[in-house]
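Below is one structure, written out as structure tokens, with a few remarks after it.
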Amino acid sequence: AVLAFVLAPTDSARAREARRALEQLTPPRDSVTIAELWSAAGSRLLTTAPHLSPETGEVLALVARMRGDSARFGRFYRSRDSTFFWSGAPVRQGTATLGYVLERRKLAGDSVAERRTRDIVGSNVRLYFASERGEFWNAITGAPAAAPSSSDTLAGAPDLVSYLREDRERFIARREPVLGASLSLVVELPYSAVLDRPAAFLRRNGVV
């Protein structure tokens, strides 16, 4: 339906069919809040939220990253008390890109994943999603979180970083990029929790 409309954008019947197809991408209680069809030239053709102005800057930034026939994810951005990002894929006929089907998603995580991680690693672990440049952080449950102050790589452990949070508590974290997306998963532990076990060992041996 989408391809048929892109090929004949003045056909009102095809427009209705394409809009119905886009509405199927936004079921209740899903992370997709808006579905849209954009032309290859960068203009919005159809949307499930006609009352909202097009987010041209975010969409074109995502479209610029698309190569070939594959899905891509855009950057995080905040709107009011929520974090959103766009995802999408090109509409193609043969080797020609005719347009793009795009979805605006609300970042929403899974508290079960965090609980299971804590069961394995320890109760002090925290999980976050962080944007590509680190300006936006969200708890894995989806709630916005404050970004830490500047981080430093630990000597002898280049895959770990250390930073301070607002309460001046120091943390150690591992940051792993999510393939195909402009975000990373961050696993964080308080520095004090990392030292607890060796400190307890030293205390026991001191007593002995």
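In this chain, residues are counted from 1 in sequence order.
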From CG (Leu189) to CD1 (Ile172), nearest 0.5 Å: 8.0 Å
Under-4.0 Å salt bridge between Glu17 and Arg19: no
Hydrophobic cluster membership, Val2 vs Trp38, 4.5 Å side-chain cutoff: no
Set of ring pair (Phe, Tyr, Trp, His ring centres under 6.0 Å) partners for Phe73, sequence neighbours left out: none
Side-chain donor-acceptor contact under 3.5 Å, Asp152 with Ser162: no
Gap between atom CG of Leu25 and atom CG of Asp30 - 0.5 Å precision: 9.0 Å
Least distance between heavy atoms, Thr97 atom then Pro90 atom: CG2-CB, 3.9 Å
Pairs under 3.5 angstrom only: tabulate donor-acceptor contacts from the side chains of residues 125-132 to other protein residues two or more places apart or in another chain.
| from | atom 1 | to | atom 2 | distance (Å) |
| --- | --- | --- | --- | --- |
| Ser131 | OG | Gly134 | N | 3.4 |
| Ser131 | OG | Glu135 | N | 3.2 |
| Ser131 | OG | Glu135 | OE1 | 2.9 |
| Ser131 | OG | Phe136 | N | 3.0 |
| Ser131 | OG | Phe136 | O | 3.4 |

Residues Arg20 and Glu23 bridged, charged N to O under 4.0 Å: no
Donor-acceptor pair, side chain of Ser39 and main chain of Ala41, under 3.5 angstrom: yes
For Val6 against Pro9, the heavy-atom pair lying closest together: O-CD, 3.5 Å
Between Glu55 and Trp86: side-chain donor-acceptor atoms closer than 3.5 Å: yes
Flag side-chain contact, heavy atom, 4.5 Å: Arg75 against Phe85: no
Cluster link Leu98 to Met66, ILVMFWY, side chain under 4.5 Å: no
Glu36 and Tyr100: side chain donor to acceptor below 3.5 Å: no
Test log, rule side chain to side chain contact (heavy atoms under 4.5 Å, CB included), inputs Glu169 and Ser192: CA-CA 9 Å; Glu169 185 176 3; Ser192 57; 4.1 Å; yes
Leu160 with Val186, same ILVMFWY side-chain cluster at under 4.5 Å: no
same_hphob_cluster(Leu46, Val32) at 4.5 Å side-chain heavy-atom cutoff: no
Arg104 to Phe84 six-membered ring, cation-pi geometry met (6.0 Å, 45°): yes
Closest contact, heavy atoms only, Pro177 versus Arg175: CD-O, 4.0 Å
Donor-acceptor under 3.5 Å (Arg92 side chain, Thr95 main chain): yes
Within 45° cone and under 6.0 Å: Arg78 NZ/CZ vs Trp137 ring: no
Steps toward side chain to side chain contact (heavy atoms under 4.5 Å, CB included) verdict (Thr33, Thr26): CA-CA 6 Å; Thr33 61; Thr26 59; over 6 Å; no
Heavy-atom donor-acceptor pair, Arg14 side chain to Leu3 backbone, under 3.5 Å: no
Cluster check Tyr77, Leu107: I/L/V/M/F/W/Y, side chain < 4.5 angstrom: no
Spacing of CG belonging to Leu37 relative to OG1 belonging to Thr48, to within rounding of 0.5 Å: 11.5 Å
Nearest atoms (heavy-atom pairs only) where Ser87 meets Arg105: OG-NE, 3.2 Å
